[in-house]
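The structure appears below as structure tokens.
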Amino acid sequence: MEYKARDIEQSWQNHWEKNRSFEPSEDLNKPKKYILSMFPFPSGRLHMGHVRNYTLSDTFARYYRQQGMNVLHPIGFDSFGMPAENAAIKNGADPKKWTYENIDYMKGEFKTLGFSFSKERELATSDELYTKFEQGFIIDMYEKGLLYRKKGLLNWCPHDKTVLANEQVVDGCCWRCDTPIEKKDMNQYYFKITQYGDELLADLDKLKDGWPSQVLTMQENWIGKSNGLEFNLFFDDDAKSKLANKFEGFDVFTTRPDTIYGVSYTALAPEHEIVTYMIEHELLDAKVVREIKKMKATSSIDRQKEKAGVPLNINVVHPITKKSIPVWVANFVLMDYGSGAVMAVPAHDDRDYDFAKKYELSITPVINPKEGRHDFSVSAFTDAGILFNSGEFDGLNSKKSQYNIIKYFEEHKLGRKTTNYKLKDWGVSRQRYWGAPIPFVHCNDCGLVMEKKENLPIALPSDVEITGEGNPLESHPTWKHCSCPSCGKDAIRETDTMDTFVESSWYFLRFCASPANWEKEAFSKKQVAYWMNSGVDHYIGGIEHAILHLLYARFFTKVFRDLDYLDFDEPFAKLLTQGMVLKDGAKMSKSKGNTVDPDALIEKYGADTARLFILFAAPPTQELEWNDSGVEGSYKFIKRFFERSTNALKCDAKPKIEHSSLTKEEKFARKKVYEAQVRANEVYEERYTFNTMIAGVMEAMNALNAQSNVDVWSEGYWILTSIMEPVIPHTCWDISSRYFNLKNLSKQVVLDEVFVEDSITLGVSVNGKNRAEIEVATDESKENIIALAKQQVAKHLEGKTIIKEIVVPKKLVNLVVKG
RNA sequence: GCGGAUGUGGUGAAAUUGGUAUACACGCCAGACUUAGGAUCUGGUGCCGCAAGGCGUGAAGGUUCAAGUCCUUUCAUCCGCACCA
């Protein structure tokens with residue numbers, strides 16, 4: 001029989017579609033599995049990374065269907081976003097048309113790859129129905145105080161002409177187009193994600209067993225919680241009068257209160273309000289002002305190159321010693337962390353040390369190492385140690401003194417214990433067209449007013465002109481004009497749209513909703529409770545989403561819980577982060593010209609070959625090096641697997657075999673088949689190393705091929721097609737339908753009898769060095785085994801004394817000799 | 001600088017708890033069938049060596065009867081974060 005991949009694949013793809021084979025059951029009493037892959041942006045064509053992603057999720061989904069689970073394996077498109085708009089600017093395409101044409105094409109690709117997605121739950125986040133519910137959530141969050149509008153210094157990408165969240169700034173550049181970002185003062189909507197900072201951090205603990213530790217660490221670092229002391233540094237009388245009594249002082253934050261006696265200067269960020277005041281009121285030399293302006297204009301990358309600063313010629317008073325401390329402006333002080341001001345302890349902080357050395361400021365050591373001595377003329381001592389020069393705290397260790405010093409500050413009302421986070425509130429407004437409109441209205445009388453829920457969705461206009469200059473919603477002749485939902489007078493609609501990460505923060509909940517209710521509700525508590533019970537069972541996607549998407553989705557889940565839409569804390573029980581797909585050692589990318597087009601591959605070999613190669617070439621979390629002859633090898637295996645199926649007989653149940661009556665080769669073949677099954681179960685349930693599972697099946701095939709018993713062949717195929725169905729579904733359904741009436745695509749029972757053996761092979765080592773092999777009866781006595789082993793390695797024992805004999809049951813014998 | 005990962009044949013990679021290192025595949029070599037083979041089948045293939053034997057999991061030590069696996073030190077590559085007070 002000839003293996004014609006394309007014919008077989010198309011016929012089964014049509015069969016599955018016609019029979020609605022992959023729609024989940026609405027019976028919420030069945031045991032469930034929710035298998036989710038990160039949905040794609042509809043860029044136009046799938047790339048190999050997508051194929052790897054969906055092959056993995058499909059493999060899980062098909063396995064759990066065989067196990068009798070009710071499986072939800074949905075797909076959608078994260079379809080808002082800048083590329084659609086950029087295509088419009090470049091080619092004059094309509095973003096909506098461009099997007100939905102791409103979606104149609106990619107759906108076709110899903111079909112030809114044989115992915116078992118639920119067709120009926122497919123969605124695109126740019127669908128108006130999706131926007132409608134999202135806008136509803138935005139309103140709920142605003143009412144809860146979790147969304148607010150404020151003016152602030154924002155990251156602005158001059159190329160994409162939009163605001164970016166901190167998370168979207170990579171090395172000071174736009175995460176999408178790599179243009180260096182600028183700071184711009186604008187109104188912007190924010191989600192109060194910081195309110196959930198503690199919980200987002202603490203709940204990482206719940207994910208320990210299911211998420212890669214790397215991702216947990218990245219999230220932990222991103223949230224960046226640190227405990228310390230916050231206190232006020234007060235100006236002396238000179239400074240106060242110089243500042244016209246506008247400022248009493250300023251707040252600083254430190255994680256090292258134990259170094260408080262070592263403070264020898266203090267520094268403000270160039271953007272600090274006191275600095276701004278002094279510039280505006282001409283309290284600084286022109287030269288100093290010039291220096292400060294230069295610092296502000298320097299990008300964050302350049303600022304890191306060398307420390308720079310200028311003195312402000314004002315002083316504060318040390319809170320304990322009451323000594324006078326000079327105030328500087330320093331380029332390494334960040335305005336958006338803590339209060340934008342630091343107490344500087346050059347003796348015990350590297351940055352403060354460098355700065356003090358450069359500007360010849362005094363360095364006052366107050367902590368010694370527990371052992372030995374530190375040379376403060378060379379570097380700062382930043383470890384914990386023993387305090388000196390620290391008044392009543394002398395002799396205490398760092399840890400103890402931190403506690404005592406914070407207590408002292410609190411008792412004397414000088415300061416308080418605080419927690420600081422690197423995590424910032426999530427800015428979500430974008431000055432773009434192709435996004436979900438933020439459902440607010442600006443009214444002259446009422447101010448900022450929410451749209452009424454019955455008016456949702458606030459849909460995008462279709463007749464826009466997209467030039468790349470400014471926001472098309474802003475320049476549209478009529479769209480933004482509306483009446484105030486509160487007083488009815490003429491008002492202006494908000495023209496900002498939402499960050500696309502908002503859509504991907506709840507799509508996994510939408511998939512839980514039965515399509516019958518899609519018009520009526522976003523999702524029901526009951527359906528979500530069922531499918532999300534213990535979370536999405538397997539969430540599969542790229543490591544590049546380790547921070548942004550996964551953090552936002554966790555945040556939304558917690559918010560929805562507090563809005564009483566659901567009853568759990570964490571959305572994703574198990575996270576599998578796949579490795580990149582490489583060719584010639586580099587990530588596949590259009591710009592490098594090292595891509596492999598999935599469509600061409602399917603055309604040549606079929607989808608099953610692509611799927612098999614992807615799973616066989618490397619374990620899922622590792623990088624996958626593309627290799628054309630490896631693909632060829634996968635094709636040949638499938639071809640052989642298909643052709644040799646003719647050795648099986650038609651049967652409706654697994655054949656019964658009298659194991660003891662078989663030949664050695666037949667027994668061995670059965671053992672290999674069942675070994676493959678045992679390994680497959682482990683791989684699907686725990687290890688996810690599909691490469692080793694496939695290797696097991698190949699070994700079993702090799703063993704089957706060395707014998708000719710038709711029952712052994714039939715049983716072998718019964719089991720192996722079941723194991724392989726999730727990987728090469730078309731081939732396996734085809735074989736199974738011809739021989740087994742599809743009955744074997746189900747949970748398999750392992751027969752232990754095939755593992756019982758009469759004799760086993762043991763390795764024989766001398767001094768740990770492998771020298772020979774012996775074959776002994778399974779129940780052979782230890783004495784006999786040793787005797788036989790000695791006989792086998794007699795040559796290596798000549799003239800030597802055996803001082804120890806070790807027998808490891810079923811493994812080996814080790815003889816330790818001397819002389 | 002901080003955090004994490006990885007390092008095994010010519011290549012992708014196996015080795016679940018310390019127990020015969022290199023399974024499975026690619027590549028290569030040889031043979032069979034062939035007018036032919038980039039098809040198929042069979043066999044071989046860690047390195048050095050004619051052999052006996054020796055050497056082998058980035059490097060160096062250590063623990064152990066036994067180490068890819070555990071401990072110490074170190075090198076290289078990759079990824080993430082990065083003046084976070």
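The model shown is predicted, which means the values in this text are computed figures rather than measured ones.
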For the pair made of [atom1] in [X] and [atom2] in [N], what is the distance, rounded to whole Å?
X: A/M701; N: B/rA23; atom1: CE; atom2: C1'; value: 17 Å
X: A/I543; N: B/rC78; atom1: CD1; atom2: P; value: 18 Å
X: A/I547; N: B/rG80; atom1: CD1; atom2: C1'; value: 7 Å
X: A/N770; N: B/rG54; atom1: CG; atom2: P; value: 12 Å
X: A/M724; N: B/rA25; atom1: CE; atom2: P; value: 12 Å
X: A/D350; N: B/rA85; atom1: CG; atom2: P; value: 13 Å
X: A/F641; N: B/rA25; atom1: CZ; atom2: C1'; value: 16 Å

>> Using the side-chain contact (heavy atoms from CB on, under 4.5 Å) definition, which of the options A/N627, A/L624, A/N594 pairs with A/K583?
In response: A/N594

>> Looking at the base of B/rU16, is there any donor atom on it, or on the side chain of A/E682, that sits under 3.5 Å from an acceptor on the other one?
In response: yes

> Is any N or O donor-acceptor pair between the side chain of A/N221 and the base of B/rC81 shorter than 3.5 Å?
Replying inline: no

>> Say we look at B/rG46 and B/rA51: how far apart would their P atoms be, to the nearest angstrom?
In response: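 Between the two P atoms, the distance is 13 Å.
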
Closest to the [X] side chain: [options]?
X: A/E699; options: B/rA23, B/rG3, B/rC84; value: B/rA23
X: A/K804; options: B/rC65, B/rC24, B/rA82; value: B/rC65
X: A/N814; options: B/rU16, B/rC24, B/rA66; value: B/rA66
X: A/S629; options: B/rG80, B/rG27, B/rG53; value: B/rG27

Centroid-centroid distance, [X] to [Y], less than 6.0 Å:
X: A/Y717; Y: A/F641; answer: yes
X: A/F234; Y: A/F250; answer: no
X: A/F613; Y: A/W626; answer: yes
X: A/F376; Y: A/H348; answer: yes

Nucleotide N/O of nucleotides 39-50 of chain B paired with protein N/O under 3.5 Å:
residue, atom, partner, partner atom, Å
B/rC41, OP1, A/R644, NH2, 3.4

> Checking all strands, does A/V333 fall into the base, sugar-phosphate, or nothing category for heavy-atom contacts under 4.0 angstrom?
Replying inline: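 A/V333: base contact, heavy atoms under 4.0 Å.
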
> Is there side-chain contact between A/F690 and A/M693, with heavy atoms separated by less than 4.5 Å?
Replying inline: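 Yes, close enough: below the 4.5 Å cut-off.
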
> Is B/rG9 in the syn range, within 90° of 0, or in the anti range?
Replying inline: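 Because its glycosidic torsion lies within 90° of 0, B/rG9 adopts the syn conformation.
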
> Between A/T419 and A/N227, do the side chains contain an N or O donor and an N or O acceptor separated by less than 3.5 Å?
Replying inline: yes

